[in-house]
Colleague: 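Sharing a structure here in C-alpha cells format.
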Amino acid sequence: MEVKQAIQERHSVRHFTDQGVDADQLKEIIAVSQKAPSWVNSQPQKVYVAQGDTLKNIREQHQKFTLTGVQPTSDVSPMSRKLWSEQAQKNMAEWSGEIPETLGDDWQGIMGEESSQLYNAQAVVYLTLPKGYAAWSLFDLGAFSQNILLSATEQGINSIVAYNFVKFPQILRDELQIPDDEEIIVGIGLGFEDEQAKINQINSKRMAVEAILKMKN
Ligand SMILES: Cc1cc2nc3c(=O)[nH]c(=O)nc-3n(C[C@H](O)[C@H](O)[C@H](O)COP(=O)(O)O)c2cc1C
C-alpha cells in the first residue's frame with residue numbers, strides 16, 4: 001500500500017467487530033513504528049498492549065466507572081473547549097454538529113455507549129512518557145502514534161486514538177502494572193471495523209489547505 005493511500009484510508013473507528021488482532025502482527029507494528037524520529041533520538045515512549053482477559057477486565061471496570069459517574073482523572077488534562085483558538089473551536093463545533101446527521105437524535109446515547117465499551121476494540125495500545133517529560137516528547141509520541149496508525153492501516157487493521165481510553169488511569173496502572181513514574185498519555189484502539197455500524201460513518205472533514213498554509217519564494 002502506498003503511504004498516501006494509508007494516510008487517506010485511516011479514519012477513527014468507533015465500533016469494532018469481535019475479530020481479534022494477531023499479537024505477533026501487533027508486535028511488528030510497534031517495532032516498525034519505533035523508526036519514528038525523536039528529539040536527540042531520545043525515544044521517550046513506553047508501550048503497553050492490552051488484549052484478551054486483560055482488556056476484558058479493563059473494559060468492565062471502565063464501563064462501571066462510566067456508568068457510576070466516576071470523574072475522569074487522565075494524566076494529561078483535557079482543556080476546556082473555550083480555551084482553544086477560535087479556529088479550533090469552530091472546527092470542533094462543526095465536527096460535533098454533524099454527528100446527529102449520521103446517528104440521529106440519540107447520538108449522545110450511541111456515542112456514550114460505544115465509548116463506555118471502549119468501542120469493542122480488540123487490542124488497545126497505551127502510550128506513556130516518563131513523568132516530567134519535555135514538551136518535545138509529546139511531538140515525538142505523535143509521530144510514533146501516526147506510525148502505528150499507518151502501519152495498522154497497511155495491514156488492514158482499523159484504529160482510533162482516544163482520550164477515552166486513558167481517562168481512568170488507575171485501572172490501567174493496576175491491570176498493566178504501569179509504574180507511577182510514567183504518565184499515561186493516550187490509547188490507540190485496534191481491531192476490524194464493523195461496516196454495518198452507523199457510528200463508523202461519522203465524517204471528519206479538513207480545512208482547505210489554503211487556510212493553514214502560507215508558501216513564499
Ligand atoms: C489525542 C486524540 C484524542 C482523541 N480522543 C477521542 C475520544 O476520546 N473519543 C472519540 O470519539 N474520538 C477521539 N479522537 C478522534 C478524533 O475525534 C478524530 O481523530 C477526528 O475527529 C478526525 O477524524 P478521523 O480520525 O476519522 O480522521 C481523538 C483523537 C486524538 C488525536
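Numbering of ligands and ligand atoms starts at 1, following listing order. Side chains included, hydrogens not; waters and symmetry mates left out as well; all remaining heavy atoms used.
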Colleague: Answer side chain, backbone, both or neither: which part of A162 comes under 4.0 Å from ligand 1, heavy atoms only.
Modeller: both

Colleague: Around atom 23 (O) of ligand 1, find the nearest protein heavy atom and jot down its residue, atom name and distance.
Modeller: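 Going atom by atom, the protein heavy atom closest to atom 23 (O) of ligand 1 ends up being S204 OG, 2.9 Å.
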
Colleague: If we count only non-hydrogen protein atoms and require a distance under 4.0 Å, does atom 20 (C) of ligand 1 qualify as touching the protein?
Modeller: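 Neighbour list for atom 20 (C) of ligand 1 is empty of protein heavy atoms (cut-off 4.0 Å).
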
Colleague: Just distances here: any N/O of H11 and N/O of ligand 1 closer than 3.5 Å?
Modeller: no

Colleague: Any nitrogen or oxygen of V161, side chain or backbone, less than 3.5 Å from one on ligand 1?
Modeller: yes

Colleague: Specify side chain, backbone, both or neither for R206, according to which of its non-hydrogen atoms lie closer than 4.0 Å to ligand 1.
Modeller: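 Side chain only.
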
Colleague: Is there a side-chain contact between Q51 and Q122 in this structure, where contact means two heavy atoms from C-beta onward sitting under 4.5 Å apart?
Modeller: no

Colleague: So, for S42 and D140, which heavy atoms are closest and what is the spacing to 0.1 Å?
Modeller: OG-OD2, 3.7 Å

Colleague: For P169 and D75, which heavy atoms make the closest approach, and how far apart are they?
Modeller: CG-OD1, 3.6 Å

Colleague: Can Y126 and E182 be counted as having a side-chain donor-acceptor contact under 3.5 angstrom?
Modeller: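 Y126 vs E182: no donor-acceptor pair found between side chains.
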
Colleague: Are E175 and Q61 close enough that a side-chain donor and a side-chain acceptor fall under 3.5 Å?
Modeller: yes

Colleague: How far is atom 9 (N) of ligand 1 from its nearest protein heavy atom, and which residue and atom name does that atom have?
Modeller: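 Closest protein heavy atom to atom 9 (N) of ligand 1: Y119 OH, 3.3 Å.
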
Colleague: Among all protein heavy atoms, pick the one closest to atom 3 (C) of ligand 1 and tell me residue, atom and distance.
Modeller: Y163 N, 3.6 Å

Colleague: At a 4.0 Å cut-off, with the gap strictly under it, does some heavy atom of R10 reach an atom of ligand 1?
Modeller: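 A heavy atom of R10 does come that close to ligand 1.
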
Colleague: Quick one: CD on E9 to CD on E154, what's the gap to the nearest 0.5 Å?
Modeller: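 The CD atom of E154 is 11.0 Å from CD of E9, to the nearest 0.5 Å.
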
Colleague: Check the surroundings of atom NZ in K131: do more than 12 heavy atoms from other residues, nucleotides or ligands lie under 6.0 Å from it?
Modeller: yes

Colleague: What protein heavy atom lies closest to atom 18 (C) of ligand 1? Include the residue and the distance to one decimal.
Modeller: S12 OG, 3.6 Å

Colleague: What's the shortest heavy-atom distance between A162 and V186, and which atoms?
Modeller: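 Reported closest heavy-atom pair: O-CG2, 3.9 Å.
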
Colleague: Return yes when atom CG of D105 has more than 12 non-hydrogen atoms of other residues, nucleotides or ligands closer than 6.0 Å, and no otherwise.
Modeller: no

Colleague: Run down the list Q146, R14, E114, K205 and name the one with the heavy atom closest to atom 17 (O) of ligand 1.
Modeller: R14

Colleague: Return yes when F165 approaches ligand 1 closer than 4.0 angstrom through a heavy atom, no otherwise.
Modeller: no

Colleague: Where is the nearest protein heavy atom to atom 8 (O) of ligand 1: which residue, which atom, and how far?
Modeller: N164 N, 3.1 Å

Colleague: Just heavy atoms, cut-off under 4.0 Å: does W95 contact ligand 1 by side chain, backbone, both, or neither?
Modeller: side chain

